[in-house]
Amino acid sequence: MTETSLTPDALVMAAPAEEAPVRAAAKPRAAMLGHVLYVLRENPVTGLAFAMFAFFVGSALFGVWLVPYDPLATDATATLQPPSAQHWFGTDNLGRDVFSRVIVATRLDLMISVAAVAMSFVIGSVLGAVAGYRGGLIDVATSRVLDTIMAFPLFVLAMGIVAALGNTVANIIYATAIINIPFYARLVRAEVNIRRDAGFTLAAKLAGNSDARVLAFHIFPNALPPMMVQVSLNLGWAILNAAGLSFIGLGVRPPTPEWGIMVAEGANYIVSGEWWLALFPGLWLMLAVFTFNLMGDGLRDIVDPRQRT
Amino acid sequence: MGARGRATLVRVLQAIPVIFGVIVISFILTRALPGDPAVQFAGAMATDESIQQVRETLGLDKPLPQQFVLYLSQLAQGDLGQSLSTGRPVLTDLASRLPASLELTLVALLLSCLVSVPLGVLAATRPGSWVDQLCRLLVTAGVSLPTFFTGVVLIYIFYYLLGIAPSPLGRLDFVYLDPPRVTGFFLIDSALAGDGETWFAALRQLILPACTLALFTLAPIARMTRAAMLSALSADYIRTARAAGLTRGKILYGYAFRNALLPVVTTLGMVFSFVLGANVLVEKVFAWPGIGSYAVEALVASDYAAVQGFVLSMALLFVLLNLVIDLAYSVIDPRFGTAAK
C-alpha cells in the first residue's frame with residue numbers, strides 16, 4: 001500500500017534509501033570534521049558563503065548600533081546625494097542615509113524569512129511525519145491538501161493569503177510559511193515512509209517505545225540532513241518572496257527600512273539616473289539570497305555527497 | 001481506445017479534483033477576511049444598503065456549505081464579482097488584460113528556452129570547459145536575482161545610460177495607436193494589420209521586460225537540461241550507439257537529447273509557477289498593463305473581488321498549463337501509457 005500512494009515527487013526524493021540509519025552517530029566526530037574541512041578546501045566558495053552568512057547575521061544582530069546614521073532621520077539639506085565618504089551608499093529623496101537603512105533592514109528581512117521557514121519546518125515535519133508513519137487515509141488526505149497548495153503559483157497564493165488575512169508583516173510570514181509547508185512535508189513523508197518498517201524501527205518498537213517516541217527520536221533524526229539543505233535553500237527563497245511582497249506594497253510599510261520596499265521606492269528615481277537608491281538594497285538582497293543558495297549547495301556536499309550535480 | 005488514449009483520459013480526469021481543491025481554497029480565502037467580509041467587499045465608500053446587497057449576493061447570511069454552493073454556481077456562470085476600482089465585472093477586466101500578460105510570459109519563456117537549452121546541452125557535452133563554468137555561474141546567479149531588481153537594473157542600463165530602450169511605461173509608446181484588437185497580442189495584431197512600424201515599437205517595449213523574466217527562468221531550465229543531458233550521455237544505450245559507430249550528431253540529438261528532453265519538460269511546470277508569480281513583479285516594474293499589475297492595483301485599493309478573482313484565475317491557468325505539459329509529455333515519450341499501471 002505504501003508504494004501506490006507515493007506521488008512521483010516523493011518517489012524521486014525517496015530514491016537513495018539504503019544508508020545505515022545512524023551512520024553519522026557511529027562515525028567518529030573527528031572524521032566528520034575532517035570531511036567538512038575537505039569540502040571547504042575543495043570548494044572555497046562554500047567557505048565564502050559561510051563567511052557571508054556570518055556577516056549577515058552580524059548585521060542583523062548588531063547593525064542597529066553600528067550604523068553611522070539613524071535610518072529614519074531625514075535631512076532636507078542632503079537629499080539625493082550620490083555615494084560619498086560621508087554617505088557610503090548616498091542618500092534618498094528625504095536625505096536618509098541609504099547605507100544605514102540597508103544594514104538596519106537586514107534584521108527585518110532575515111527575521112521574516114527565518115520565522116517563516118521555521119514555521120514551515122515545524123508544521124511540515126509534523127504533517128509529513130504523521131502522514132508517512134501512519135499511511136492510509138491520513139496520508140491520502142494530507143497529500144491531497146498539500147497537492148492543492150502546490151497547484152497554485154506560489155507567489156500568487158502568497159499574495160492572495162496576505163490580501164485575505166490583512167496587510168501586515170505577521171501575515172507575510174504566515175503566507176510565506178504556508179507556501180513552503182508542502183516542500184518540507186513531502187520530504188519528511190518520503191524519509192519517514194521508507195524507514196517505517198526498517199529493522200531499527202521494529203527493534204525500537206519491540207523495546208517498548210511508543211509510536212510517537214519511535215517517530216520523533218528514532219526515525220525523524222534521519223530526515224534531518226536533507227532537511228537542513230532544504231532549509232538553507234528555502235531561506236533564500238523566503239527572503240525573495242517576502243521582498244517581492246513588500247515590493248508590490250504588501251506587509252512592510254514605509255518608512256520602515258526593508259530591502260524590497262527600498263527597491264520599490266528607488267525604482268521611481270532610476271529613470272532620472274539616481275541609481276544608488278535601488279541598487280544597494282537590491283544588491284544586498286541578491287547577496288543574501290546568493291549566500292543562502294551557496295550555503296545550501298555546500299551543506300549538500302557535506303551531508304550528502306551523492307546528490308552533487 | 002488504446003492504452004495511450006486511456007492514459008491521456010485518466011490524466012485529464014485527474015485535473016478535476018485539483019480544480020475542485022483550488023476552488024475550495026479560493027473560497028476559504030474570500031471568507032477568511034478579517035471582520036465582516038461583506039463590509040470588506042463593499043469597499044470604503046459603502047453605504048448600509050450596498051453592504052446588505054453584497055451580503056445577499058455573496059450569501060453571507062446563509063450557512064457556509066450553502067455559501068459554497070452559491071459560490072460554485074456563480075463561478076459556473078463566470079461571475080467573479082464586481083471590481084470596486086473599475087466598476088466592471090472582474091472577469092471582463094481579467095480577460096481584457098490577459099493577452100498582455102500572456103504575450104510577455106510566452107515571449108520570455110521562448111527567449112529563455114532558446115538560450116538555456118543549448119547552453120545546458122553544451123555544458124553537459126563539455127564538462128569543465130568555460131561553457132560549463134558559464135552555465136554554473138548563470139544558474140547560481142539566476143536563482144538569486146530578485147526579478148524586480150533585475151528589471152530596475154536593466155532599465156538603468158538600457159534606458160538611462162545607453163538610451164537605446166524606450167521608456168519603461170506599458171506596451172506601446174503613446175505616439176502609437178493600439179493595433180486593431182484581434183488576438184490582443186500586439187505583435188500578432190500589428191503584423192495582421194500589416195503595420196510594421198507599430199510592430200517594431202511593440203517589440204521594443206517588450207524586449208526589456210521579456211529579458212527580465214527570461215533571466216529569471218534561465219536558471220532552472222539550464223540546470224535541468226545540463227543534469228538530464230549528463231545522465232543521458234552516461235547511459236548504456238549511448239555507449240552502445242557509440243560502439244555501433246553512429247555519428248556524434250545522431251548520438252547527441254537523436255538519442256541523448258530526446259531522452260533528456262523529458263525531465264526538462266517536467267521542469268517547465270515548476271518554471272511556470274515561478275513565472276506567473278514573477279510576472280506580477282515585472283509588470284509592476286515596467287508598468288505593463290497585464291493582469292499582474294491589475295492585481296497589484298487591486299491590492300493597494302483593497303479591491304477584494306478583483307484580487308481573489310486574479311488568484312483563482314492564475315491557479316486555474318496554472319492547472320491547465322500543467323495539464324498541457326503532461327499531455328506534451330505523452331507526445332514526446334512513446335512509452336506513455338504502456339508502462340504497467
Side-chain angles (χ1 to χ4, degrees), chain A residues 8 45 144-145 147-167 171 179 233 236-237 239-241 243-245 247-250 259-260 263-264 266-267 270-275 277-279 281-283 285-294 297 309, chain B residues 17-22 24-26 28-34 140-141 143-153 155-156 159-161 167-168 223 226-227 230 266 272-278 280-281 284-285 295-296 298-300 302 304 307-308 310-312 314-315 317-319 322:
Chain A
V45 177
R144 280 292 152 271
V145 174
D147 285 352
T148 311
I149 293 180
M150 298 287 285
F152 281 87
L154 295 178
F155 185 77
V156 173
L157 180 62
M159 281 171 68
I161 294 173
V162 176
L165 295 180
N167 195 350
N171 288 334
I179 60 175
L233 296 174
W237 201 70
I239 292 188
L240 267 189
N241 192 70
L245 287 174
F247 178 79
I248 58 174
L250 289 177
W259 295 329
V263 176
I270 207 90
V271 283
S272 48
E274 280 96 9
W275 49 272
L277 293 191
L279 182 86
L283 208 60
L285 174 60
M286 202 180 91
L287 279 179
V289 181
F290 199 56
T291 302
F292 286 122
N293 285 341
L294 283 180
D297 289 343
T309 50
Chain B
V18 179
I19 290 177
F20 184 75
V22 163
V24 170
I25 288 192
S26 79
I28 294 172
L29 284 181
T30 57
R31 296 303 185 270
L33 288 172
T140 323
V143 287
S144 315
L145 278 176
T147 352
F148 51 92
F149 179 56
T150 331
V152 169
V153 171
I155 290 176
Y156 180 66
Y159 172 69
Y160 181 77
L161 284 186
S167 65
R223 180 182 213 152
R226 179 175 172 277
L230 274 180
T266 317
F272 267 120
S273 167
F274 292 153
V275 163
L276 294 180
V280 178
L281 299 170
K284 165 126 165 70
V285 173
V296 172
L299 271 174
V300 173
S302 300
Y304 289 101
V307 175
Q308 304 305 353
F310 162 77
V311 173
L312 179 63
M314 281 304 232
L317 184 68
F318 183 49
V319 172
N322 271 325

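Since we're looking at a predicted model, the values are computed, not measured. Order of the sequence lines sets the chain letters (A, B, ...), proteins ahead of strands, with each chain counted from 1. All values below were derived from every heavy atom in this structure, side-chain atoms included, with hydrogens, water molecules and symmetry-related copies excluded.
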Check your understanding: Which heavy atom in B:Val319 sits nearest to a heavy atom in A:Ala151, and how many Å separate them?
Key ->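 What the structure gives for the nearest pair is CG2-O, 4.1 Å.
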
Straight-line distance of [X] [atom1] to [Y] [atom2], nearest 0.5 Å:
X        : Y        : atom1 : atom2 : value
A:Leu285 : B:Leu145 : CG    : CG    : 9.5 Å
B:Tyr159 : A:Ile270 : OH    : CD1   : 12.0 Å
A:Thr148 : B:Phe20  : OG1   : CZ    : 10.0 Å

By a 4.5 Å heavy-atom criterion (distance strictly below it), what part of [X] contacts chain A: side chain, backbone, both, or neither?
X        : value
B:Val307 : side chain
B:Phe274 : side chain
B:Leu281 : both

Check your understanding: Can you tell which of B:Gly21, B:Ala315, B:Ala298 has the highest number of heavy-atom pairs within less than 4.5 Å of chain A?
Key ->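 With the most close heavy-atom pairs to chain A, the winner is B:Ala315.
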
**Study point:** Between B:Asn322, B:Thr147, B:Val280, the one whose heavy-atom pairs under 4.5 Å with chain A are most numerous
**Key:**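 Counting heavy-atom pairs under 4.5 Å, the top option is B:Val280.
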
Exercise for review: May I ask you to decide if the ring planes of A:Phe247 and B:Phe148 are parallel, tilted or perpendicular, using 30° and 60° as cut-offs?
Suggested key: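 Correct class here is parallel.
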
Exercise for review: Taking side-chain hydrogen bond (donor to acceptor under 3.5 Å, both in side chains) as the test, write out the residues that go with B:Ser26, two or more places apart.
Suggested key: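 By the side-chain hydrogen bond (donor to acceptor under 3.5 Å, both in side chains) rule, B:Ser26 matches B:Tyr71.
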
**Study point:** Region of A:Trp237 that comes under 4.5 Å of a non-hydrogen atom in chain B
**Key:**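 For A:Trp237, the side chain is the part near chain B, not the backbone.
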
Check your understanding: For A:Ser272, is it the side chain, the backbone, both, or neither that has a heavy atom closer than 4.5 Å to a heavy atom of chain B?
Key ->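 Just its backbone gets close to chain B.
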
**Study point:** Choice from A:Gly266, A:Gly244, A:Gly260, A:Pro281 maximising heavy atom contacts with chain B below 4.5 Å
**Key:**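 Most pairs with chain B among the choices: A:Gly244.
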
Practice item. Quick one: do B:Phe149 and A:Leu279 satisfy side chain to side chain contact (heavy atoms under 4.5 Å, CB included)? Show the steps, please. Key: CA-CA 8 Å; B:Phe149 179 56; A:Leu279 182 86; 4.0 Å; yes

List, one per line, each side-chain donor-acceptor pair under 3.5 Å for residues 152-166 of chain A, sequence neighbours excluded.
none

Exercise for review: With side chain to side chain contact (heavy atoms under 4.5 Å, CB included) as the test, would you mind laying out the steps for A:Leu250 and B:Leu299 before giving the verdict?
Suggested key: CA-CA 8 Å; A:Leu250 289 177; B:Leu299 271 174; 3.7 Å; yes

